[in-house]
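A short worksheet on the structure shown next.
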Amino acid sequence: MTTYYEEPAITKRVIGSILGQIRREGIPTTLYIGTGSSYDEMIIRSFVETHSTDIPDDLAELVFIRQNQPGKRMAIGLIVRAINRAGVDPNDLVIFMDGDALYGSDVLEKVLPMFGADPELQALTTDEEVICYGPQWIQSWLSMRFAQRRLAMQSHALAGKVLTLTGRMSVFRAQHMLSEKFIRTIEADHLDHWLWGRFRFLSGDDKSTWYHMLTRDAKMTYVPDATVYTIEVIKENGLGRMVQNFRRWSGNMLRNGSRAIALGPVKVNPFIWWCLVDQRIAMWTMLVSPTIAILASLIDPLYLWSCLIWVMASRILLCLFLYRYSRTVDLSWPFILYLNQIINASVKVFMIFHLSKQKWSNRGNQSSAADEGLMAKTQNAAAKFQLITTAVAFVTALAIYIGLLQMPILF
């Protein structure tokens, strides 16, 4: 587990849920915690000393790993190396989790036996739910996102692969911790790009571990009835946080999706491979209808009303499916769903031309290299040129399609 200047109340709830699982299952456990300072360590140590007096010393051990280089990736790498030095057995199980993730009451009971039941299973991730302290519409948006995740992940798991091994909670066979390549993939994962050159990834460690497992043709799955609760504290502008999250999520997806697609459908699995391809197509198709609505309203303003009726009818229908995978029925979802789709698609289009641009305020406000110097300015100008020309071509093609513009006569 990693934590970095987390809210003390959240840290205590998280550690309390871990102690509860150790107590409940009686499984010998070593809890490795990667920290950036003594601040989190003192909070955790004090809580554990107070609330673990009934847990035998030979059942649980607490180990702090103080990182000496910035970033969550380095913290995870140091933890895995410490696990290696401790002489881990290849068939032990290693759980990766974030410092703001709470275990449900029976998570370990439901996920750990799966590795014994299926010797081929190498990694899994679980269901997630959100506890949000912030604007109500953000809570609704996040609840809707997790309902979408449940629907998709249950389908993906049938293919023996998933699209992500979520950092909030994922379990691996310890044999992968023994691989130097696995460790370096976490610590120093990077991409070689024709425009941006070689750049390292800041966030997305869960995508890196997922990609490593894909290259090993490892069997992965998703456990729908084991729930981990994510605690989100939204102090800033809700819409700004939404866009910031999309930039991080979409950037991670695009950076890793291209190389996962390059592995081919045989290695990845045909269905999962197509899902990766579809992610890159959908970001454009999602923008077709709003663009046509705006263009067509220049011809007949009443067309805009027809589009609004269609959008509401289609999103209500989609939400009827999502409600099946949610904890409750929320009538704001049709509106939030469309807003989610438009903003997400727009961010993806921006990010595909700016893959090296990264910012992660949750971990010491990390960001990619500053945009200074002739080389950086040239790269940024080239990226903006690509974005603008592609957007103009996209809008022009749709304008020709609906008859707003005439196809140019070349001969």
Side-chain angles (χ1 to χ4, degrees), residues 95-98 101 104 107 110-112 114-115 117-118 120-130 142-173 176 185 204-228 230 245-246 248-283 285-286 318-319 321-327 337 340-341 344-345 348:
I95 301 173
F96 282 44
M97 64 179 293
D98 282 347
V107 170
K110 290 179 175 176
V111 302
L112 301 187
M114 296 187 70
F115 290 89
D118 185 355
E120 294 184 2
L121 182 63
Q122 300 300 312
L124 61 76
T125 190
T126 65
D127 177 43
E128 285 189 41
E129 189 55 274
V130 64
L142 290 171
S143 296
M144 184 199 71
R145 291 275 303 182
F146 284 125
Q148 290 177 307
R149 180 180 181 273
R150 288 184 199 105
L151 189 157
M153 293 286 276
Q154 289 183 33
S155 178
H156 299 158
L158 295 176
K161 298 286 193 298
V162 289
L163 282 184
T164 184
L165 290 167
T166 312
R168 305 285 187 185
M169 166 64 174
S170 53
V171 189
F172 298 81
R173 286 193 189 271
H176 300 288
T185 298
D205 52 274
D206 53 342
K207 284 288 189 182
S208 294
T209 55
W210 165 77
Y211 175 72
H212 177 86
M213 301 303 282
L214 279 183
T215 62
R216 296 296 182 270
D217 198 23
K219 183 176 182 180
M220 298 175 266
T221 195
Y222 163 76
V223 186
D225 61 339
T227 303
V228 171
T230 298
N245 282 347
F246 276 140
R248 182 159 56 90
W249 297 336
S250 299
N252 292 336
M253 182 273 288
L254 292 168
R255 282 185 285 271
N256 288 276
S258 58
R259 60 183 186 175
I261 291 171
L263 293 176
V266 175
K267 188 82 168 177
V268 175
N269 177 281
F271 176 60
I272 296 298
W273 184 84
W274 172 248
C275 288
L276 292 166
V277 173
D278 180 66
Q279 286 180 334
R280 304 178 84 84
I281 297 173
M283 67 185 187
T285 56
M286 186 60 239
L318 287 173
C319 285
F321 289 94
L322 288 180
Y323 292 147
R324 168 67 179 80
Y325 293 88
S326 67
R327 305 290 188 247
L337 177 59
N340 173 87
Q341 291 172 326
N344 194 18
K348 284 180 180 177

Problem - Heavy-atom closest pair, residues Met114 and Thr221 - result: CE-CG2, 4.1 Å

Exercise for the section: Please name the pair of heavy atoms, one in Ser250 and one in Asn344, separated by the smallest distance, quoted to 0.1 Å. Expected result: OG-OD1, 3.1 Å

Practice task
Output, in order, the C-alpha distance, side-chain angles, deciding distance and verdict of side chain to side chain contact (heavy atoms under 4.5 Å, CB included) for Asn340 and Phe246.
Solution key: CA-CA 9 Å; Asn340 173 87; Phe246 276 140; 3.0 Å; yes

Problem - Atom pair NE2/CG of His212 and Leu214 - distance to nearest 0.5 Å - result: 10.5 Å

Practice task
Apply side chain to side chain contact (heavy atoms under 4.5 Å, CB included) to Ser143 and list each qualifying residue two or more places apart in sequence or on a separate chain.
Solution key: Glu129, Val130, Gln139, Trp333

Exercise for the section: Before giving the answer on side chain to side chain contact (heavy atoms under 4.5 Å, CB included), spell out for Asp206 and Phe96 the whole-Å C-alpha distance, their side-chain angles and the decisive distance to 0.1 Å. Expected result: CA-CA 9 Å; Asp206 53 342; Phe96 282 44; over 6 Å; no

Problem - N-O pairing of Asp217 and Lys161 below 4.0 Å - result: yes

Completion exercise
Residues at least two apart in sequence or cross-chain that pass side chain to side chain contact (heavy atoms under 4.5 Å, CB included) with Met213, listed by chain then number, are Gln122, Ala123, Leu165, Phe172, His176, Ala218, Met220

Exercise for the section: Answer yes or no: is there a donor N or O on one side and an acceptor on the other, between the side chain of Arg150 and the main chain of Glu128, under 3.5 Å? Expected result: yes

Fill in the blank from the handout: Result for side chain to side chain contact (heavy atoms under 4.5 Å, CB included) between Val223 and one of Leu124, Thr125, Val171, Asp127 points to Leu124

Practice task
Indicate yes or no: at least one non-hydrogen side-chain atom of Leu337 is less than 4.5 angstrom from one of Gln148.
Solution key: yes

Exercise for the section: Measure from the side-chain N and O atoms of Ser170 to the backbone N and O of Gly167, and report whether any donor-acceptor pair falls under 3.5 Å. Expected result: no

Problem - Asn256 and Ser208: side chain donor to acceptor below 3.5 Å - result: no

Handout entry: Test log, rule side chain to side chain contact (heavy atoms under 4.5 Å, CB included), inputs Arg280 and Ser258
Key = CA-CA 9 Å; Arg280 304 178 84 84; Ser258 58; 4.0 Å; yes

